[in-house]
Amino acid sequence: MSWISDPNFTEDQPFGPQTLPYGVVDGGVAVRVGDRALLLKSLALGKCSEFVQGDSLDPLLRAGRPVWSVLRAKLREIVTASSAPKGAELVGIETAKLPFTVGDYVDFYSSRHHAENVGKMFRPDGDALTPNWTHLPIGYHGRAGTVYVSGTEIVRPNGQKRGSEGPKFGPSERLDIEAEIGFVCGGPQAATVSTSRAAEHVFGVALVNDWSARDIQAWEYQPLGPFLAKSFATSIGAWITPLEAFSVARVPTPPLPNKLHDYLTCDQPWGLDITITVELNDTIVARPPFREMSWSFVQQLAHMTVNGATVRPGDLFASGTVSGPEKNERGSFLELSWGGKEPFKLDDGSTRSFLEDGDTVRLTATAPGEGGSVVGLAEVVGTVRSA
């Protein structure tokens with residue numbers, strides 16, 4: 001029996017001792033234990049203590065995989081002990097904030113189901129997939145400055161949209177979500193990272209909602225891709241679940257129809273069996289399965305750096321919209337409503353195609369853990385308000 005008395009700190013709950021995600025609250029760096037946070041600055045953590053004394057995960061991200069492994073093992077010993085260690089302090093999680101300084105941000109497009117759905121809507125007379133899609137992980141560079149912690153209000157963006165007599169300007173009328181999995185980078189700066197080394201540069205995993213203005217996107221995206229339609233807001237969970245927590249959740253990625261270049265081949269499976277739940281105004285509208293993603297995070301990182309670009313501590317990259325083959329597995333409202341042609345119903349009787357002012361979106365996710373336990377990712381919540 002653990003000294004931590006919290007009904008949600010058990011192995012059958014998402015934030016039991018098998019998970020231990022890192023975050024930052026008013027008291028400093030902490031790990032989440034159920035619905036409480038254990039502050040780390042006063043614990044006896046040996047050489048690891050120097051990396052958790054401040055109000056950011058930045059020093060810990062720079063420390064690298066050997067320190068991450070030692071610290072996690074030590075913390076598991078501490079939280080599963082029968083008595084509290086000297087200096088232990090449990091606090092609330094309500095003050096959790098963005099826990100690290102976001103460096104570069106890259107968003108990918110790695111769900112074949114999502115890409116085919118979008119292709120069918122946007123290019124009804126052409127191929128659903130572009131010719132390059134099965135050969136490389138398609139992505140684009142986003143804005144680190146508009147990555148916000150869960151709970152931050154989302155202001156409806158303004159921009160140009162297609163009109164009958166030329167472009168018109170104003171607030172987006174087709175505001176959407178993208179349910180994604182994000183990867184927080186750490187360790188030494190490196191370039192040309194192979195798939196076999198990629199995991200050494202990934203500290204942990206977080207839920208991401210990459211908000212999208214579909215009407216702005218439709219007008220601006222050719223020929224260079226996403227810009228104002230995506231750069232206004234990206235939400236991320238306040239707690240970063242260590243990559244090591246997903247050892248049981250690793251699965252092969254779905255096969256691609258062509259031979260890959262050597263730098264994208266993998267010697268072990270790095271897909272992850274994570275299931276996301278999407279709620280809109282307390283109605284569950286989708287459960288996207290991350291195991292269906294065609295490109296793994298190690299392939300994404302290998303591709304992102306193969307040209308000599310560096311990965312640094314604090315860099316963040318996200319999977320792209322997670323969608324499965326079934327309608328209730330689609331990770332965007334664009335897909336759920338099929339471009340607005342098939343509005344979906346909420347529990348209160350209202351219908352939606354895209355987001356209205358006052359709507360609240362909540363993403364949660366879990367994965368299988370050791371011994372039948374459940375590994376959790378911290379929720380991502382955002383409420384839309386008018387510009």
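Quick caveat: nothing in here was measured; it's all calculated off a predicted structure. Atom set for the values below is all heavy atoms of this structure, side chains included, hydrogens, waters and symmetry mates excluded.
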For [Y], does its backbone N or O pair with a side-chain atom of [X] as donor and acceptor, under 3.5 Å?
| X | Y | answer |
| --- | --- | --- |
| T241 | A378 | no |
| R352 | F344 | no |
| D6 | D35 | yes |

Using the rule side-chain contact (heavy atoms from CB on, under 4.5 Å), only one of D357, V155, I154 pairs with R385; which is it?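 So, applying the side-chain contact (heavy atoms from CB on, under 4.5 Å) to R385 and each of D357, V155, I154, only V155 qualifies.
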Apart from [X] itself, what residues make up its hydrophobic cluster when side-chain heavy atoms of I, L, V, M, F, W and Y under 4.5 Å apart count as a link, directly or indirectly?
| X | answer |
| --- | --- |
| L256 | Y109, V118, M121, F122, L129, W133, L136, I138, Y221, L260, Y263, L264, W295, V306, L334, W338, F354 |
| L228 | I216, F227 |
| V381 | none |

Got a sec, which residues hit ring-ring contact (aromatic ring centres under 6.0 Å, His included) with [X], two or more places apart in sequence or on another chain?
| X | answer |
| --- | --- |
| H113 | none |
| F183 | F297, F317 |
| W68 | F203 |

Would you give the length of the straight line joining atom [atom1] of [X] to atom [atom2] of [Y], rounded to the nearest 0.5 angstrom?
| X | Y | atom1 | atom2 | value |
| --- | --- | --- | --- | --- |
| D359 | I177 | CG | CD1 | 11.0 Å |
| T19 | L377 | OG1 | CG | 8.5 Å |
| L355 | T383 | CG | OG1 | 10.0 Å |

In chain order, what residues pass the salt bridge (Lys or Arg N to Asp or Glu O under 4.0 Å) check against [X], with sequence neighbours excluded?
| X | value |
| --- | --- |
| R330 | none |
| K327 | E342 |
| E326 | none |

Verdict with reasoning, S323 to E292, per side-chain contact (heavy atoms from CB on, under 4.5 Å): CA-CA 7 Å; S323 290; E292 291 284 341; over 6 Å; no
Please list all pairs meeting salt bridge (Lys or Arg N to Asp or Glu O under 4.0 Å) that have one or both residues in residues 50-62, counting only residues at least two apart or in different chains.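 Listed once each, the pairs would be none.
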Quick one: does R287's side chain get under 4.5 Å of E329's, heavy atoms only?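 No; the side chains remain at least 4.5 Å from each other.
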Taking the side chain as everything from C-beta on, heavy atoms only, tell me whether L272 gets closer than 4.5 Å to I181.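 They are not in contact (no side-chain heavy atoms under 4.5 Å apart), so the answer is no.
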Expected list for residues 165-174: side-chain donor-acceptor pairs under 3.5 angstrom, two or more places apart:
unit_1 : atom_1 : unit_2 : atom_2 : d
S172   : OG     : R174   : N      : 3.3
S172   : OG     : D215   : OD1    : 2.8
R174   : NH2    : G339   : O      : 3.1

Please identify each residue that fulfils side chain to side chain donor-acceptor pair (under 3.5 Å) with D267, with sequence neighbours left out.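 Result, side chain to side chain donor-acceptor pair (under 3.5 Å) vs D267: none returned.
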Please assess R156 against E356 for the test salt bridge (Lys or Arg N to Asp or Glu O under 4.0 Å), listing each intermediate value before the final yes or no. CA-CA 9 Å; R156 185 178 297 274; E356 298 181 2; over 6 Å; no
Is it true that E116 and K120 have a side-chain N and a carboxylate O under 4.0 angstrom from each other?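 No, no charged N to carboxylate O under 4.0 Å.
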